[in-house]
Amino acid sequence: MLSEIVVMAEEENGGSTEALPPPPPVPLNFSPAQAEPEPVKKKVLRVPMARRGLGSKGQKIPILTNHFKVNVSNVDGHFFHYSVALFYEDSRPVEGKGIGRKVLDRVHETYDTELAGKDFAYDGEKSLFTIGSLPRNKLEFTVVLDDITSNRNNGTNGNSSPGRHGSPPNETDRKRLRRPYQSKTYKVEISFAAKIPMQAIANALRGQESENSQEALRVLDIILRQHAAKQGCLLVRQSFFHNDPKNFADVGGGVLGCRGFHSSFRTTQSGLSLNIDVSTTMIIQPGPVVDFLIANQNAKDPFSLDWAKAKRVLKNLRVKTAPANQEFKITGLSEKPCREQMFTLKQRSKDEDGEVQTSEVTVYDYFVNHRNIDLRYSADLPCLNVGKPKRPTYFPIELCTLVSLQRYTKALSTFQRASLVEKSRQKPQERMQILSNALKINNYDAEPLLRSSGVSISSNFTQVDGRVLPAPKLKAGNGDDLFTRNGRWNFNNKRFFEPAKVERWAVVNFSARCDVRGLVRDLTRLGETKGISVEAPFEVFEESPQLRRAPPVVRVDKMFEEIQSKLPGAPKFLLCLLPERKNCDIYGPWKRKNLADHGIVTQCLAPGRVNDQYLTNLLLKINAKLGGLNSMLAAEVSPSIPMVSKVPTMILGMDVSHGSPGQSDVPSIAAVVSSRQWPSISRYRASVRTQSPKVEMIDNIFKKVSDTDDDGIMRELLLDFYVSSGKRKPEHIIVFRDGVSESQFNQVLNIELDQLIEACNFLDEKWSPKFVIIVAQKNHHTKFFQSGSPDNVPPGTIIDNKVCHPRNNDFYLCAHAGMIGTTRPTHYHVLLDEVGFSPDELQELVHNLSYVYQRSTTAISIVAPISYAHLAATQVGQWMKFEDASETSSSHGGLTNAGPVTVPQLPRLQENVASSMFFC
């Protein structure tokens, strides 16, 4: 090796053969220094900010809330977490859901001694919790359960044979494992996983949240779930539904609204509390299968049913069969009617040898002649198959009834939603009574695990300190004041603040029954009273009767061909009359054709009972879409909004709309709206993109396609703000984000905010605006009630104490007047505030933004930017129903359970439409 080095050195020295000088001697006390590695810059993750103080503005008001105080006396104890693994007798893991609770209940019944008499809380899947430890860190048990869904003796099975009684796996367990007909053996492994101190709950109440505190609260919630499961409830996360027909409300289509209760533990400023609220889920109408199908398809009788549709809706539903009352899961339908569907019947002969004899019989013949069961109408209907694909088991449909409490997870129709709202709402006092009764019925004080945890629950609603913020002053046209009362105002004898002009327009009538000339005349008359100049329309286009049954896209295309052939140029505005008020299938293709293909502003209406109030509301939308403003905050007219009016400030609303439940291949739609023409906070424009199905984080905020090009949402909005605001870049950007849960807050702060910053830096690397990030939640279970009053809390009610987070900066606001049912407040979480708002300034800004919604004359329940983002995403989502994904290029791929899904790109809006409030 050394000779090789010398040769190499000689070659480097031009081939010289002179000896190299010896290396210098190494000192005896020398120790080599270790090279310091380059420090790796680790990104500091942002976390939600702490509360800076409480607000003080507004009139104080005592409020009751549906949080019930919880005391925990056993703070020195520990929860022990164990992992649970279930296996079949042949050691295959148990995959199916739902069986775990039955298996663990049998373990608890059978092995009480081995468990040292301990109760446990089981989550139904892979976790089990005890108070104090089990005798050993690993325990193994074997139990037997009756397999109620595999007893085929009452049905007809093409390959069935007489049943055989099984035997226990070993003699020592024979007493414990008495195996009835068609029983199954399960092996259960319980292994120690973690130890959770109950002290973590007390730490969380002091604002010191940790993984342990979240786990401890999770254990308490799992105890509530198990408590409900033992009562036979349907469990939907932390909501529990009893099988009580008094709680069912028929909403049509064979679907029932089922009222239950949400129960969960929360850490709040005033301590640990139990949040109880009314909850509703949708279930299948229990009872005869045929009755459900007739209701579901709105059919006259069983003989006019669409059986292909019936097969889809029945798959995986559970039924009980007469006369043995056995329970099965539906796997399909027979290919032939009951009187024609054959199967092989196997019977033992009555001879001494008892040989098995087979014969081919129909399902109908078997039940009528062999089982002596009278079948009234099943002969010509398909049978239900409750077996496996290669081993079918058939039952006549009239012998089957649907089991109660089976969830219906498909999207409700507009009519079903309206019926549900009508039948499920409760006035505040009625709701309080229901919640008080729920606490008594659940009887949590009798739950052994809660008692062992030292948990006791008060029966009194928690009282909090509310404040009612004064309504902001509004301006109409000619400098007139709009007077708000109970969160509402009107334009009687008032003009719009900035009326637009309706010109170069036409009316399109898709076969709606309407006096079109009278409608135009009334719209023109009312427009003039609001300051809107309405020119006479170019034309009224009536759809040809021959096209009424054509596909929606064809009807829209034909209408546009007629418009283009008769008008001198492209119209600025089209008023579209639709034949149906709800769920009209023309709406989506019509909007896409106008907004994306031609850049035409359009307003749709279904002329039913059209009166002056209806047309005034219509004019609110038309004026906003055409660039006008209906009203403005007085604080915008004379700029005086703290931190917003003095420094260029951009306000964003962000939302993501997902496909209906069960539609895993429908792209999600992300919409971001932004304020424009600063210092206004009443004008907005929208940018919309598709993204992977069911993905909540917006991934197109910043989208670098080259060193000089960004195709993301934010660039489009920033440039519009710059141009519309006198060439000023926003120094403050306030983001309102909708639709994210508390578990996703860190993603908003560290993924979406990073994209916002990148988009700004890409335009100007020296530009660093300050950000405020606020999440708005409507999907929660906190409600507020006026003490001693039957009314809802007044509009402007704000709560930032007691039931709010012990550390984080959050508050509840009821900006609107709850006219029907019980008001649902919006829960605002301030995750980041680099601007430095005081609590009163930020709360007042949020309140003001509930009054700038141009579509209505009421304060709305959530800030206008979020409402606009939701509208934009929903409207554009209508297009997707009619987009052929195979003909559009993909923006990126997403993964779902069905594999990769190509996400079609949306056609971009024409600029004149994009910069308008088309979503109004």
Side-chain angles (χ1 to χ4, degrees), residues 148-160 163 181-182 243 245 248 250-256 283-347 358-389 391-406 408:
I148 59 172
T149 63
S150 62
N151 187 342
R152 305 182 188 279
N153 204 31
N154 295 301
T156 63
N157 188 305
N159 300 300
S160 64
Y181 184 79
Q182 287 291 355
N243 187 17
F248 301 163
D250 189 350
V251 300
V255 180
L256 307 180
I283 61 171
I284 295 288
Q285 172 185 307
V289 172
V290 164
D291 289 356
F292 163 71
L293 291 175
I294 289 172
N296 183 251
Q297 298 186 22
N298 195 25
K300 294 179 183 177
D301 52 50
F303 307 104
S304 53
L305 289 169
D306 179 341
W307 289 101
K309 185 177 178 182
K311 183 178 180 179
R312 290 195 300 272
V313 78
L314 289 176
K315 189 173 177 61
N316 293 326
L317 292 181
R318 301 189 315 278
V319 290
K320 282 193 174 181
T321 58
N325 206 33
Q326 294 285 326
E327 189 174 316
F328 300 89
K329 182 184 286 186
I330 300 172
T331 55
L333 299 176
S334 61
E335 294 180 1
K336 297 179 180 179
C338 187
R339 69 163 76 248
E340 298 175 20
Q341 183 62 54
M342 306 293 291
F343 76 100
T344 304
L345 177 65
K346 297 179 181 179
Q347 292 178 302
T358 62
S359 59
E360 294 294 315
V361 297
T362 66
V363 176
Y364 182 84
D365 179 51
Y366 171 75
F367 278 93
V368 171
N369 298 320
H370 291 256
R371 300 284 302 280
N372 295 318
I373 296 173
D374 182 32
L375 297 179
R376 293 176 294 115
Y377 57 81
S378 293
D380 297 313
L381 303 180
C383 304
L384 293 188
N385 180 11
V386 297
K388 296 179 180 177
R391 193 180 173 91
T393 302
Y394 297 120
F395 279 94
I397 199 165
E398 71 182 86
L399 298 183
C400 302
T401 58
L402 288 161
V403 175
S404 190
L405 294 183
Q406 299 191 72
Y408 180 81

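Going from atom CD of Q406 over to atom CG of N316 covers 10.0 Å, rounded to the nearest 0.5 Å. With rounding to the nearest 0.5 Å, the separation of CZ in F303 from CG in L381 is 5.0 Å. Rounding to the nearest 0.5 Å gives a distance of 6.0 Å between NE2 of H370 and OG of S359. With rounding to the nearest 0.5 angstrom, the CG atom of N296 is 5.5 Å from the NZ atom of K309. Going from atom CD1 of I330 over to atom NZ of K315 covers 10.5 Å, rounded to the nearest 0.5 Å.
No donor-acceptor pair under 3.5 Å is formed between the side chain of E360 and the backbone N or O of M342. No donor-acceptor pair under 3.5 Å is formed between the side chain of Q341 and the backbone N or O of V363. Put simply, the side chain of T321 never gets that close to the backbone of L399: no donor and acceptor are under 3.5 Å apart. Checked by atom type and distance alone, the side chain of N385 never pairs as donor or acceptor with a backbone atom of L333 at under 3.5 Å. Checked by atom type and distance alone, the side chain of E327 never pairs as donor or acceptor with a backbone atom of R318 at under 3.5 Å.
Heavy atoms only, all atoms of each residue included: P382 and I397 are closest at O-CB, 3.9 Å. The minimum heavy-atom distance linking A295 with G254 is given by the pair CB-N, 3.6 Å. Of all the heavy atoms in L256 and D250, the pair that sits closest is CD2-CA, 3.6 Å. Residues S404 and F248 come closest through the heavy atom pair OG-CZ, 3.8 Å. Contact detail for G332 and K311: the closest heavy-atom pair is CA-CE, 4.5 Å. In terms of heavy-atom proximity, A310 sits nearest to Q297 at N-NE2, 3.7 Å.
The aromatic rings of F367 and F395 sit tilted relative to each other, their planes meeting at an angle between 30° and 60°.
Around CD of E335, the count of heavy atoms belonging to other residues, nucleotides or ligands within 6.0 Å does not exceed 12.
For the side chain to side chain contact (heavy atoms under 4.5 Å, CB included) with V289, the qualifying choice from I294, L317, I284, L314 is L314, the only one to do so. Among the candidates D380, D365, T362, the single residue satisfying the side chain to side chain donor-acceptor pair (under 3.5 Å) test with R339 is D380.
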- May I have the step-by-step check of side-chain contact (heavy atoms from CB on, under 4.5 Å) for F343 and T393, ending in yes or no? CA-CA 9 Å; F343 76 100; T393 302; over 6 Å; no

- Would Y377 and D301 count as a side-chain contact (heavy atoms from CB on, under 4.5 Å) if you check the C-alpha gap in whole Å, the side-chain angles of each, and the deciding distance to 0.1 Å? CA-CA 11 Å; Y377 57 81; D301 52 50; over 6 Å; no

- Item | side-chain contact (heavy atoms from CB on, under 4.5 Å) evaluation trace for L375 with I373 | CA-CA 6 Å; L375 297 179; I373 296 173; 4.2 Å; yes

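Y394 and Y366 have their aromatic ring centers separated by at least 6.0 angstrom.
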